[in-house]
Amino acid sequence: MATAPASTAPIAHPDAAEPRRNGAHLDRPDVHEREQFTISDLTSEFGCTARALRFYEDEGLISPARVGLTRVYSKRDRARLAWIMRAKNVGFSLTEIREMIDLYDLDDGRVEQRRVTIEKCRAHIAKLKAQRDDIDSSINELTDFVAEIEKLDLR
């Protein structure tokens with residue numbers, strides 16, 4: 001299945017100061033409106049390796065069909081990969097990612113998936129803010145330490 005490569009230009013998001021990375025935008029439709037994707041389609045679109053896709057398949061996160069030895073990815077696989085890449089980019093573990101994307105299949109209109117994802121994201125934000133506070137404190141302490149050392153008269 002030969003297809004033109006997807007654009008690799010970042011996609012701007014109106015609420016963000018920075019453009020979103022290609023693989024991190026969950027609702028971006030396929031520019032070619034395809035129903036199926038090859039491994040090279042997805043690796044070029046999401047900036048990941050074929051090895052990563054095979055790993056996600058081995059972990060049960062995506063499940064491409066097989067045509068002979070060729071993997072054929074569905075829209076569902078593409079959507080799950082977008083979710084995986086976005087969650088990975090912001091620091092979620094594979095276990096956390098699995099918990100969130102597997103809730104899609106509950107057939108509840110994604111209510112539980114949304115609730116759990118928001119809860120996990122808020123907890124992750126709190127953790128990152130605490131880490132930032134620790135880093136800021138260390139920077140301040142080191143800056144003060146350097147200033148004290150610079151004041152020493154070593155003659």
- Residue pair D77 / Y56, side-chain heavy-atom distance below 4.5 Å: no
- Query: Would a 4.5 Å heavy-atom cut-off, applied to side chains only, mark K88 and I97 as touching?
  - Reply: yes
- Message: Do M100 and L128 sit in one hydrophobic cluster, given that two such residues count as connected whenever their side-chain heavy atoms are within less than 4.5 Å of each other, even indirectly?
- Response: no
- Message: I'd like to check F92 versus C121 (side-chain heavy atoms, cut-off strictly below 4.5 Å). Are they in contact?
- Response: yes
- In this structure, CD1 of I125 is separated from CZ of R132 (nearest 0.5 Å) by 10.5 Å
- Test side-chain contact (heavy atoms from CB on, under 4.5 Å) on V116 and E112 and set out the steps. CA-CA 6 Å; V116 168; E112 184 66 6; 3.5 Å; yes
- Message: Measuring only between side-chain heavy atoms, which start at C-beta, is L53 closer than 4.5 Å to E57?
- Response: no
- Kindly compute the distance separating CG (D58) from CZ (R54), expressed to the nearest 0.5 Å. 9.0 Å
- Message: Less than 4.5 Å apart, side chain to side chain, heavy atoms only: is that true for W83 and T117?
- Response: yes
- Rounded to the nearest 0.5 Å, the OG1 atom of T49 sits from the CG atom of L42 at a distance of 12.0 Å
- Item | Residue from R115, R114, Q113 passing side chain to side chain contact (heavy atoms under 4.5 Å, CB included) with L103 | Q113
- K75 side chain reached by Q36 side chain, heavy atoms, under 4.5 Å: no
- Message: Do L81 and M85 have side chains that approach each other closer than 4.5 Å (heavy atoms only, starting at C-beta)?
- Response: yes
- Is I101 reachable from V90 through a run of hydrophobic residues whose side-chain heavy atoms are each under 4.5 Å from the next? yes
- Task: Answer yes or no: does atom CZ of R51 have more than 12 heavy-atom neighbours from other residues, nucleotides or ligands under 6.0 Å?
- Result: no
- Salt-bridge contact D136-K129 (side-chain N to carboxylate O under 4.0 Å): no
- Note on the structure: Residues R80 and G60: closest non-hydrogen pair is NH2-O, 4.2 Å
- Task: Rounded to the nearest 0.5 Å, what's the gap from OH on Y73 to OG on S40? Could you check?
- Result: 10.0 Å
- Query: Distance from F55 atom CZ to C48 atom SG, nearest 0.5 Å?
  - Reply: 12.5 Å
- Between G91 and H124, which heavy-atom pair has the shortest distance, and what is it? O-CE1, 3.6 Å
- Message: Do T38 and T43 make a side-chain contact, defined as non-hydrogen atoms from C-beta onward lying under 4.5 Å apart?
- Response: no
- Would one find more than 12 heavy atoms of other residues, nucleotides or ligands at under 6.0 Å from atom CD of E141? no
- Between E59 and R98, the two heavy atoms sitting closest are O-NH1, 2.5 Å
- Quick one: do the S137 and D134 side chains pair a donor with an acceptor below 3.5 Å? no
- Message: Nearest 0.5 Å, please: how far is CD in E96 from NZ in K120?
- Response: 5.5 Å
- Message: Working note: V146 + I149, criterion side-chain contact (heavy atoms from CB on, under 4.5 Å); need CA distance, chi angles, decisive distance, verdict.
- Response: CA-CA 5 Å; V146 168; I149 294 171; 5.6 Å; no
- Query: Are I62 and I39 in one and the same hydrophobic cluster, where Ile, Leu, Val, Met, Phe, Trp and Tyr link if side-chain heavy atoms are under 4.5 Å apart?
  - Reply: yes
